[in-house]
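Single-structure report; data block below.
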Protein chains: 2
Amino acid sequence: MPLASYSREQAAKITFQQAQPETLNCLFYRQPVEFVQPGQSIFFEGDEAKHVFEVVAGALRIFRILSDGRRVVTGFVFDGDLLGVSLRKNYLYSAEALVDTKIRRLTRKNFDLVVRQSEDLAPRAFEFICDEMAAVQDQMVLLACKSAEERLCTFLLKHLRKSMTKGEGQSVVKLPMTRQDMADYLGLTIETVSRMITKLSTKGVLGCVGRHSVKVMKPMLLAQLAGDDDVYEWATSIEQSEGRRHN
Amino acid sequence: MPLASYSREQAAKITFQQAQPETLNCLFYRQPVEFVQPGQSIFFEGDEAKHVFEVVAGALRIFRILSDGRRVVTGFVFDGDLLGVSLRKNYLYSAEALVDTKIRRLTRKNFDLVVRQSEDLAPRAFEFICDEMAAVQDQMVLLACKSAEERLCTFLLKHLRKSMTKGEGQSVVKLPMTRQDMADYLGLTIETVSRMITKLSTKGVLGCVGRHSVKVMKPMLLAQLAGDDDVYEWATSIEQSEGRRHN
DNA sequence: CGGTTCATTGATGTCCTTCAATAATCGTGG
DNA sequence: CCACGATTATTGAAGGACATCAATGAACCG
């Protein structure tokens, strides 16, 4: 699940306005940056949850393995996100880098101590967890009743949205994970994911489909195909502004 | 809300030392009990989240409706459970009574205020949310990769477990919800749920299958069929003690 | 009791998976 | 830089698990 609380830019803005440089991310400011290579884990499911992490750059997959070898990817974590906040004694999942990744860490003990004593941070932490909960619930809805096409569109739309709010490469969605990761996240097989991407490409919804990025040509249609219409109006505005720009 | 993390043991110790018998449920002690009839809602998805609820008796379903009418049941809430804790501005789902139900309520404002100021309660609230998160993640795993049979077995096992720890009617699982509710919760159709129940009955895993209760004859087998083996040892012990009793 | 809702069971259909082969991409060493 | 194998992705054909459609049967309630 996406653990996005605030994008970097947003965090910076808030810090500036309040003249109190306190966001959850700020807590990690003085911690040393650690480098994690692709495929390397930063912790495993069941490990004692000793640390809370900030992802400075890169991306990670969050997953669980069932006894018979099946894997479920429960989320992806990107730069600016926090990891390991809403946990009790042990990690509920493993976390593994998708690409070269930089992280910072705090001990839970310190993290909890600081957060608890701060008037500003405590509500932030609560908001963070609520967002996390909302994201997981959306994913439950996706898994419980959406078709393969809807699942993929929902997935792409979420990532498009993220890349739009960050302001980077308009309508080009970076996908650092493999097809297998996407499949395990969406409750599908790698073949079905591949087929759906091809299908969307054929329909003209996607263009320039590559292994680790796609260009969304018709965000509005993508939103329609995603199946929840709460994001529909949002995508409409994107498509219109995109259209204007190209004319 | 201050989010401190203590293990259960630590929290209990502190409570004991301070002679403050405070749990989250205690907060509702002086609130008037409200009666809710079957089918009646206590709030709707999207409503402003003004209250936190304690379920005193009865049961509720928690669900979301998609634009095209599809319904997803994201959970069930039973007596002793709290409802509406991990939310931001609005409710993420609707809550509807399955049977005659008694609830108590507090305003979020008061709830947050009291919880935040209490050394005992703050960690309790955090633990509560973490448990909720763990449960939702388990459900994600179920929906992402389990077969219909595994889903039903997992569901029954969870409820068996609950009724065992409560000490009531050994191995008889109460199911106050309809088959449709179960189906919408498990990401299946009503027919498939029905067929799987029949199948388990035929296998001898279940006996005395009724509309709103089933008797689990072979908890161990049920656990095996559920697909995650973390609960397997637990069920083994049940079956053995059950077996001894009957000899 | 009789109507209504809810659950079960069967027949058929379909969406996704599985199996299998090919193709594209990446990394590595010559 | 290209060749090479290894990994990853795409595409096709066949099968299966669950959904859909339809009918019957059981439980609930005034």
Side-chain angles (χ1 to χ4, degrees), chain A residues 37-39 61 68-73 96 98-100 142-156 175-203 206-214 225 227, chain B residues 37-39 61 66 68-73 96 98-100 142-156 174-203 206-214 225 227:
Chain A
Q37 292 177 347
R61 63 172 157 250
D68 58 355
R70 282 176 292 189
R71 190 185 71 159
V72 183
V73 172
E96 203 171 289
L98 294 167
V99 294
D100 280 309
L142 180 146
L143 293 169
C145 72
K146 286 193 177 179
S147 69
E149 190 179 61
E150 288 174 321
R151 292 182 196 201
L152 190 70
C153 289
T154 305
F155 178 77
L156 292 174
L175 301 171
M177 69 292 292
T178 66
R179 298 285 188 265
Q180 187 66 61
D181 291 327
M182 292 170 55
D184 290 348
Y185 180 61
L186 297 174
L188 300 170
T189 59
I190 185 174
E191 293 95 334
T192 301
V193 169
S194 191
R195 272 184 256 271
M196 291 303 140
I197 290 178
T198 305
K199 193 174 169 186
L200 290 177
S201 191
T202 307
K203 284 188 185 178
L206 302 180
C208 314
V209 173
R211 196 168 274 207
H212 291 301
S213 74
V214 299
L225 295 172
Chain B
Q37 291 176 348
R61 63 172 156 251
L66 299 199
D68 58 355
R70 281 175 293 190
R71 190 184 69 159
V72 184
V73 172
E96 204 171 289
L98 294 168
V99 295
D100 280 308
L142 180 145
L143 293 169
C145 72
K146 287 192 178 180
S147 70
E149 190 178 63
E150 288 173 322
R151 292 181 196 200
L152 190 71
C153 290
T154 305
F155 177 77
L156 291 174
K174 294 256 180 199
L175 301 170
M177 70 293 290
T178 66
R179 298 285 189 264
Q180 187 66 61
D181 291 326
M182 291 170 56
D184 290 349
Y185 180 62
L186 298 174
L188 301 170
T189 60
I190 184 175
E191 293 95 333
T192 302
V193 169
S194 191
R195 272 184 255 270
M196 290 305 140
I197 290 178
T198 304
K199 193 174 170 186
L200 291 176
S201 191
T202 307
K203 283 188 184 178
L206 302 180
C208 312
V209 172
R211 195 169 274 206
H212 291 301
S213 73
V214 298
L225 294 172

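We use all heavy atoms of the structure for the numbers below, so side chains are in, but hydrogens, waters and symmetry mates are not. This one's a predicted model, so the numbers in the text were calculated from it and none came from an experiment. In what follows, every chain begins at residue 1, and chains take the letters A, B, ... in the order their sequences are listed.
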Can you check the [X] [atom1] to [N] [atom2] distance for me, whole Å?
| X | N | atom1 | atom2 | value |
| --- | --- | --- | --- | --- |
| D100(B) | dC28(D) | CG | C1' | 15 Å |
| M196(B) | dA7(C) | CE | P | 17 Å |
| L186(B) | dA19(D) | CG | P | 11 Å |
| R211(A) | dA23(C) | CZ | C1' | 10 Å |
| I190(A) | dC19(C) | CD1 | P | 15 Å |

So what does [X] touch, heavy atoms closer than 4.0 Å: a base, only the sugar-phosphate, or nothing?
| X | answer |
| --- | --- |
| R179(A) | sugar-phosphate |
| G210(A) | nothing |
| L188(A) | sugar-phosphate |

Closest non-hydrogen atoms of R151(B) and G187(B), given as atom of the first, atom of the second and distance, are NH1-O, 3.4 Å
Is there a donor-acceptor pair closer than 3.5 Å between any side-chain N or O of T198(A) and the backbone N or O of S194(A)?
yes
Do any N or O atoms from the side chain of R179(A) and from the backbone of T189(A) form a donor-acceptor pair under 3.5 angstrom?
no
Any idea which of [options] is nearest the [X] side chain?
| X | options | answer |
| --- | --- | --- |
| S194(B) | dT11(D), dT8(C), dA24(C) | dT8(C) |
| T192(A) | dC18(D), dC16(C), dT25(C) | dC16(C) |
| R195(B) | dA7(C), dG10(C), dT10(D) | dG10(C) |
| V209(B) | dT18(C), dG25(D), dT8(C) | dT8(C) |
| T198(A) | dT10(D), dC18(D), dC16(C) | dT10(D) |

- Message: So, under a plain 3.5 Å distance rule, would you say the side chain of E191(B) forms a donor-acceptor pair with the base of dC21(D)?
- Response: yes
